[in-house]
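Atoms within each ligand, like the ligands themselves, are counted from 1 in listed order.
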Amino acid sequence: MIYDMEFETLPREALVAIQLQRLQTTLERVYATVPFYRKKFQEAGVKPSDIQRLDDLKKLPFTTKQDLRDNYPFGMFAVPMDNVVRIHASSGTTGKPTVVGYTARDINTWASLMARALAAGGATRGDIIHNAYGYGLFTGGLGVHYGAEKLGASVIPVSGGNTKRQIVIMKDFGPTILTATPSYTLHLTEVAEELGVDFRDLSFKFGIFGAEPWSEKMRGEIEKKTGMTAVDIYGLSEVMGPGVAIECHEAKKGLHVFEDHFIPEIINPDTGEVMPYGEPGELVFTTITKEAFPIIRYRTRDITSLNPEPCICGRSMLRMNRVSGRTDDMLIIRGVNVFPSQIESVLMEMEEVEPHYQLIVDREGNLDKLTVKVELGEKAFTDEVKGLQSIEQKISKNIKDYLGVSAKVKLVEPKAIARSEGKAVRVIDNRKF
Ligand code: DLL
């Protein structure tokens, strides 16, 4: 029996009662122990005792990444360092990393959550989990690892990199579940092919993929190439790590949020107003069980919407739809908002190219220029050297038709775009702001 599993099917009123009680306890604690929150609450004229219903959450101020930077490294911890047993950090592309801490109880909570997440994604104690998320400061490797052990599965702590050796291990150890970023999974399939191994002949049943945005089309591509069922897992260091939300393998339609630990809200990123279910906006999380690093109304910058419809798996937890992009990844090209995931969807429609791409943005004079670099498939590469220009034109036209933005398309040879062993780098923005 996995600890806490009974929370997954609670009627809403029962869940809300638990959430409110946990929220109130968390707020009292942060007010008493974290000077940052006390000051922020005072400035907003609100006390923990003002939160009498879940709806009152909106009276509280948001927390942003900048707040974490201002309190770098440990300024927002709510327990003395003697009680902190683990520290992780997310690298971030600019500025200082975001540092998070865990007590022994937090590690246990996280392990239970990840065990529940893996179970929702199709894993059982009989499975062998090939864990190719990076181990280290990144939360992916150790997060999945502790969850897999808690579930009672056998975990192979292979981490990212050493890709050829990973293929040998896959052949020899017969893992049944793959945990990795979607982009690294595609790289694994390519290296397998080079070694004469067809992924579909390996023993995998399920893949639990996340840590970066990926599209529904990319899911199709990965399922086709690997022969496994691919589910989407979401999380972020500031809130816990992996295991904040996951798709159930039964429906594969939206990610169930572990609401007994995290309260999600969707806000309008410009006004901060809370949006109703179904409306897209920025995802905001409040943690309600964490000890070392509780976080209140954290603006994730991830864009999604919430779905309260019942799910065929029987879980009553809200589902968040696949993250479609980040508010800070949104490219504004000559006034048109473009998300990398939208370009990905256009590219995935085309047989001639592979799902390896990069978006490069430059400014010429006052004009933004978008270049889409994408790899040709092996077949198109050998067959169609003459037809390259027409493929480029076709992609450009599709991007213009679907997204309303002009892009220069540059086809490159297969494997010309650097592979990542963790999160893929999709955007290179050379504009100076
Ligand atoms: O990426 C935690 C994680 C590890 C999740 C393994 C899933 C699997 P961070 O490094 O702090 O934590 O990055 C968090 O990654 O705010 C999203 O922008 C993005 N992200 C994570 N999962 C998904 C996903 C881990 N399934 C940031 N879809 C988040 C889209 C995702 N974006």
Side-chain angles (χ1 to χ4, degrees), residues 63-65 68-69 87-93 96-102 110 113-114 117-118 120-121 123 129 131-148 159-160 177-185 207-216 218-219 222 230-247 252-258 262 264 269 280 282-285 287 293 295 298-305 319-330 339-342 344-345 420-427:
T63 305
T64 63
K65 193 144 194 135
L68 305 192
R69 293 213 173 106
I87 292 164
H88 279 285
S90 90
S91 51
T93 40
K96 287 184 179 144
T98 307
V99 182
V100 297
Y102 305 78
W110 187 17
L113 268 168
M114 267 311 304
L118 292 168
I129 300 181
N131 184 20
Y133 286 117
Y135 280 63
L137 282 178
F138 174 54
T139 51
L142 284 166
V144 169
H145 185 102
Y146 275 59
S159 192
I177 308 264
L178 175 62
T179 52
T181 58
S183 56
Y184 188 53
T185 302
I208 299 180
F209 304 126
E212 66 186 5
W214 55 309
S215 61
E216 209 44 52
M218 180 77 94
R219 186 202 317 260
I222 289 178
V231 305
D232 190 5
I233 181 166
Y234 170 87
L236 64 166
S237 320
E238 298 90 316
V239 172
M240 183 62 103
V244 174
I246 187 160
E247 283 180 330
K252 293 198 294 176
K253 213 166 188 320
L255 299 89
H256 292 282
V257 178
F258 289 101
F262 316 109
E282 181 179 346
L283 182 61
V284 169
F285 272 113
T287 67
F293 188 76
I295 199 156
Y298 182 64
R299 293 187 61 156
T300 64
R301 305 185 190 182
D302 292 322
I303 298 167
T304 180
S305 54
R319 278 177 284 173
M320 55 180 260
N321 290 313
R322 182 184 277 290
V323 171
S324 59
R326 288 175 59 82
T327 52
D328 49 359
D329 256 7
M330 186 176 80
F339 287 101
S341 59
Q342 294 175 303
E344 178 177 305
S345 294
S420 87
E421 292 171 354
K423 301 186 191 229
V425 179
R426 302 286 194 207
V427 180

Using a 4.0 Å cutoff against the non-hydrogen atoms of [X], which atoms of ligand 1 qualify?
X	result
T139	2 (C), 12 (O)
R326	16 (O), 18 (O)
S90	11 (O)
V323	30 (C)

Specify the closest pair of heavy atoms between Y298 and E238, including all atoms of both residues, with the distance to one decimal.
-> OH-OE2, 2.7 Å
Taking all non-hydrogen atoms of both residues, which atom of A180 and which atom of Y133 are closest, and how far apart?
-> O-OH, 3.0 Å
Among all protein non-hydrogen atoms, which one is nearest to [atom], and what is the separation to 0.1 Å?
atom	value
atom 2 (C) of ligand 1	G235 O, 3.5 Å
atom 16 (O) of ligand 1	D302 OD2, 2.7 Å
atom 22 (N) of ligand 1	A211 N, 3.1 Å
atom 11 (O) of ligand 1	S237 OG, 2.6 Å

So, does [X] use its side chain to make a donor-acceptor pair with the main chain of [Y] at under 3.5 Å?
X	Y	value
K423	T181	no
W110	G147	no
N131	G141	yes
S159	Y135	yes
R326	T300	yes
H88	L137	yes

Which option, S215, G241, G140, G143, owns the non-hydrogen atom nearest atom 4 (C) of ligand 1?
->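 When every heavy atom of S215, G241, G140, G143 is considered, G140 comes closest to atom 4 (C) of ligand 1.
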Proximal candidate to atom 31 (C) of ligand 1 [heavy atom criterion; set M114, R301, H88, E212] =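 It is E212 that holds the nearest heavy atom.
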Roughly how far, to the nearest 0.5 Å, is the CZ atom of R299 from the NZ atom of K65?
-> 13.5 Å
Mind checking whether [X] contacts ligand 1 via backbone (N, CA, C, O), side chain (CB onward), both or neither, at a 4.0 Å heavy-atom cut-off?
X	result
T181	neither
L236	both
K423	side chain

Please say whether Y133 places an N or O atom under 3.5 Å from an N or O atom belonging to ligand 1.
->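 Not met; the criterion fails.
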Kindly confirm or rule out an N or O of T300 lying under 3.5 angstrom from an N or O of ligand 1.
->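 Checking ligand 1 against T300, no N or O pair falls under 3.5 Å apart.
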Polar side chain donor-acceptor pair, S215 to E344, under 3.5 angstrom = yes
